[in-house]
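In what follows, residues are counted from 1 in the order of the sequence shown. Just so we're clear, the structure is a prediction, and the values are computed from it rather than from any experiment.
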Amino acid sequence: EDIEGSKAHAKMLATQKIITPEDFKAIKQGLDKIHEEIAAGHFSFSVELEDIHMNIETRLSELIGEPAKRLHTARSRNDQIATDIRLYLRNQIDQLDFILKKLQKTLWKKAEKNTLTLMPGYTHLQTAQPISFGFHLAAYIEMIGRDRERFQDCRKRINESPLGAAALAGTSFPIDRHLTANLLGFDRPMPNALDAVSSRDFALEFASAATICAIHLSRLAEEIVIWSTDRFNFIQLSDNFTTGSSIMPQKKNPDTLEYLRGKTGNIYGNLFSMLTILKGLPLSYFKDLQDDKELVFKSSETLNNSLNILNEVLRNIIPNKKKMFDLANHGYLTATD
């Protein structure tokens, strides 16, 4: 994302005749080379260079010399990092939407095969009315659909460009903020420079959407754990997602789902940390905001992992149709009717 933003900024500088076409060509080729090095795992990062930006710019100077020093013209770390984090979250939302849609499809396939698999429906974990296993699974398709909508709504507010705000009040160079916004796929430049460098409500909104989504995944994980117990025995879990006991050989523990359920608390904590960081910050930029990166990185990574795990668990569960049907014949399930 940092390289992507820098290439767009350099192209704008060249278009506006702030740097020469030759400088732009050298900068672009150098940044492309650095991208290749990072992707291949050959890039040497240095803690002494403080951050990702200085690591990239120092390597650029090694590769192309003097033109590298002109890349940061009309730009501040403040608008640069605000741009990077928006690009990152936009990419993460697109990736999450793909995985969420895949999970919906998995649920739908499993539900479609079990429209006639009778089971008890519950309220208060007490037998209530007869439903089908497919009907129960389909409820989560709806929840995940709302999660996708929340992320897409959040994406709209993420997709504005802070680039050109500089430190907090713009720049005297004749830049074109609409051009950089367009090159980076943003809907528009952010109207107010102070807001552009200091706002993190978009990251807060992402953390909130991730938290709500994690709640849904945790609820489903909990149901699968309950269904797999010998007391319910509604489903059989694949051995890939269970472990044995250290002392009791008869045990088949749903450890993977328990880990997933526990990780939900980490995502909650990231949201609360973000709220706390932002609650007392006047305008504009403060170093407190550096911690937002770790929080959104961790929430996104944990949510991605949880979705992929749950998708595989669901693909491999085998419903115990006889046990479900037998329990549906107890507890006066048709009393309401």
Side-chain angles (χ1 to χ4, degrees), residues 88-117 119 131-155 206-229 232-244 252-271 296-321 324:
Y88 169 81
L89 286 176
R90 190 178 70 185
N91 290 338
Q92 290 304 301
I93 285 174
D94 292 345
Q95 174 66 17
L96 283 167
D97 187 70
F98 175 80
I99 303 173
L100 286 163
K101 186 176 182 180
K102 185 167 74 171
L103 182 59
Q104 282 183 305
K105 287 182 177 179
T106 298
L107 283 163
W108 177 252
K109 288 176 182 176
K110 192 68 69 172
E112 196 174 27
K113 290 178 181 178
N114 288 280
T115 54
L116 299 178
T117 302
M119 68 174 283
I131 61 171
S132 75
F133 187 48
F135 181 67
H136 194 120
L137 293 176
Y140 286 98
I141 297 174
E142 299 301 317
M143 294 183 207
I144 293 165
R146 292 192 295 274
D147 290 325
R148 291 179 66 192
E149 289 174 3
R150 265 184 286 273
F151 278 120
Q152 288 305 314
D153 196 47
C154 173
R155 192 186 191 280
F206 175 84
S208 175
T211 299
I212 296 171
C213 183
I215 290 171
H216 292 151
L217 303 188
S218 185
R219 292 181 73 181
L220 179 52
E222 169 66 4
E223 294 220 273
I224 296 171
V225 168
I226 291 172
W227 291 340
S228 69
T229 62
F232 277 76
N233 193 23
F234 280 1
I235 60 168
Q236 181 180 332
L237 283 173
S238 165
D239 290 347
N240 292 333
F241 305 104
T242 61
T243 64
K252 186 175 180 179
N253 300 326
D255 283 3
T256 308
L257 291 157
E258 292 169 11
Y259 281 129
L260 186 156
R261 197 174 54 192
K263 287 293 184 183
T264 305
N266 294 358
I267 297 178
Y268 291 5
N270 294 339
L271 171 60
V296 295
F297 291 167
K298 285 184 175 179
S299 286
S300 181
E301 181 183 9
T302 303
L303 192 58
N304 268 283
N305 289 340
S306 298
L307 285 165
N308 283 318
I309 289 167
L310 196 53
N311 187 63
E312 287 304 305
V313 169
L314 285 164
R315 282 182 63 245
N316 288 281
I317 62 172
I318 300 171
N320 186 344
K321 298 182 180 183
M324 289 183 183

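Enclosure of atom CZ in F297 by more than 12 non-hydrogen atoms of other residues, nucleotides or ligands within 6.0 angstrom is indicated. Heavy atoms from other residues, nucleotides or ligands lying under 6.0 Å from CZ of R148 number more than 12. Annotation for Y268: atom OH counts as buried by contact number, over 12 foreign heavy atoms lying within 6.0 Å.
Here the straight-line distance linking atom CG of L137 with atom CG of L220 works out to 7.5 Å at 0.5 Å rounding. The distance from atom CZ of R146 to atom CD of E142, rounded to the nearest 0.5 Å, is 7.0 Å. If you take CG on N266 and CG on L271, they are separated by 13.0 Å, rounding to the nearest 0.5 Å. If you take CD1 on I267 and CD1 on I212, they are separated by 12.0 Å, rounding to the nearest 0.5 Å. Summarising the geometry, atom CG belonging to L237 is positioned 4.5 Å from atom OG belonging to S228; distances are rounded to the nearest 0.5 Å. Once rounded to the nearest 0.5 Å, the distance linking OG of S300 with CG of L96 reads 5.0 Å.
Using a distance-only test at 3.5 Å, with no hydrogens or angles considered, no donor-acceptor pair links the side chain of Q236 to the main chain of I318. Side chain of T302 to main chain of K298: a donor-acceptor pair is present (N/O by atom type, distance under 3.5 Å, no hydrogens or angles). S238 places no side-chain N or O within donor-acceptor distance of the main-chain N or O of F241, the cut-off being under 3.5 Å. Under the 3.5 Å distance criterion, the side-chain polar atoms of K263 are left unmatched by any main-chain donor or acceptor of A214.
A heavy-atom distance below 4.5 Å is found between the side chains of L257 and L310. Put simply, the side chain of E222 reaches to within 4.5 Å of the side chain of I226, judged on heavy atoms. Looking only at side-chain heavy atoms (C-beta outward), C213 and L100 come within less than 4.5 Å of each other. Annotation: side chain of T256 is not in contact with side chain of N240 (no heavy-atom distance under 4.5 Å). Taking the side chain as every heavy atom from C-beta outward, K110 and L314 never approach each other to under 4.5 Å. Side-chain contact between D255 and E258: present, with at least one pair of heavy atoms (C-beta onward) separated by less than 4.5 Å. In this structure, the side chains of F133 and F234 stay at 4.5 Å or more apart for every pair of heavy atoms. Looking only at side-chain heavy atoms (C-beta outward), I224 and P254 stay at 4.5 Å or farther from each other.
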Item to check | Pair I309-L260, side-chain contact (heavy atoms from CB on, under 4.5 Å): steps then yes or no | outcome: CA-CA 8 Å; I309 289 167; L260 186 156; 4.2 Å; yes
Checklist entry - Would K102 and N308 satisfy side-chain contact (heavy atoms from CB on, under 4.5 Å), going step by step from the backbone distance to the final call? => result CA-CA 9 Å; K102 185 167 74 171; N308 283 318; 4.0 Å; yes
Next on the checklist: I'd like to know whether K252 forms a side-chain contact (heavy atoms from CB on, under 4.5 Å) with T243, so could you lay out the CA-CA distance, the side-chain angles of the two residues, the decisive distance to 0.1 Å, and finally the verdict.
Outcome noted: CA-CA 6 Å; K252 186 175 180 179; T243 64; over 6 Å; no
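F232 and W227 make their closest contact through CB-O, 3.9 Å (heavy atoms, listed as atom of the first residue, atom of the second, distance). Considering every non-hydrogen atom in both S132 and M119, the closest pair reads C-CG, 3.9 Å. Considering every non-hydrogen atom in both T264 and I215, the closest pair reads CG2-N, 4.3 Å. Q104 approaches I141 most closely through the heavy-atom pair NE2-O, 3.0 Å. Taking all atoms of both residues into account, the shortest heavy-atom contact from I144 to L107 is CD1-CD1, 3.6 Å. Between S306 and L217 the shortest heavy-atom distance is CB-CD1, 4.0 Å.
Using a 4.0 Å cut-off between a side-chain N of Lys or Arg and a carboxylate O of Asp or Glu, R155 and D97 do not qualify as a salt bridge. Taking the charged nitrogens against the carboxylate oxygens, E312 and R315 do have a contact shorter than 4.0 Å, which makes a salt bridge. Between D153 and R150 there is no salt bridge, since no side-chain N of the basic residue sits under 4.0 Å from a carboxylate O of the acidic one.
With no hydrogens or angles considered, a side-chain donor-acceptor pair links T106 and N311 at under 3.5 Å. Side-chain N/O atoms of N270 and S299 include a donor and acceptor closer than 3.5 Å. Under the 3.5 Å distance criterion, with hydrogens and angles disregarded, a donor-acceptor pair is assigned to the side chains of Y140 and E223.
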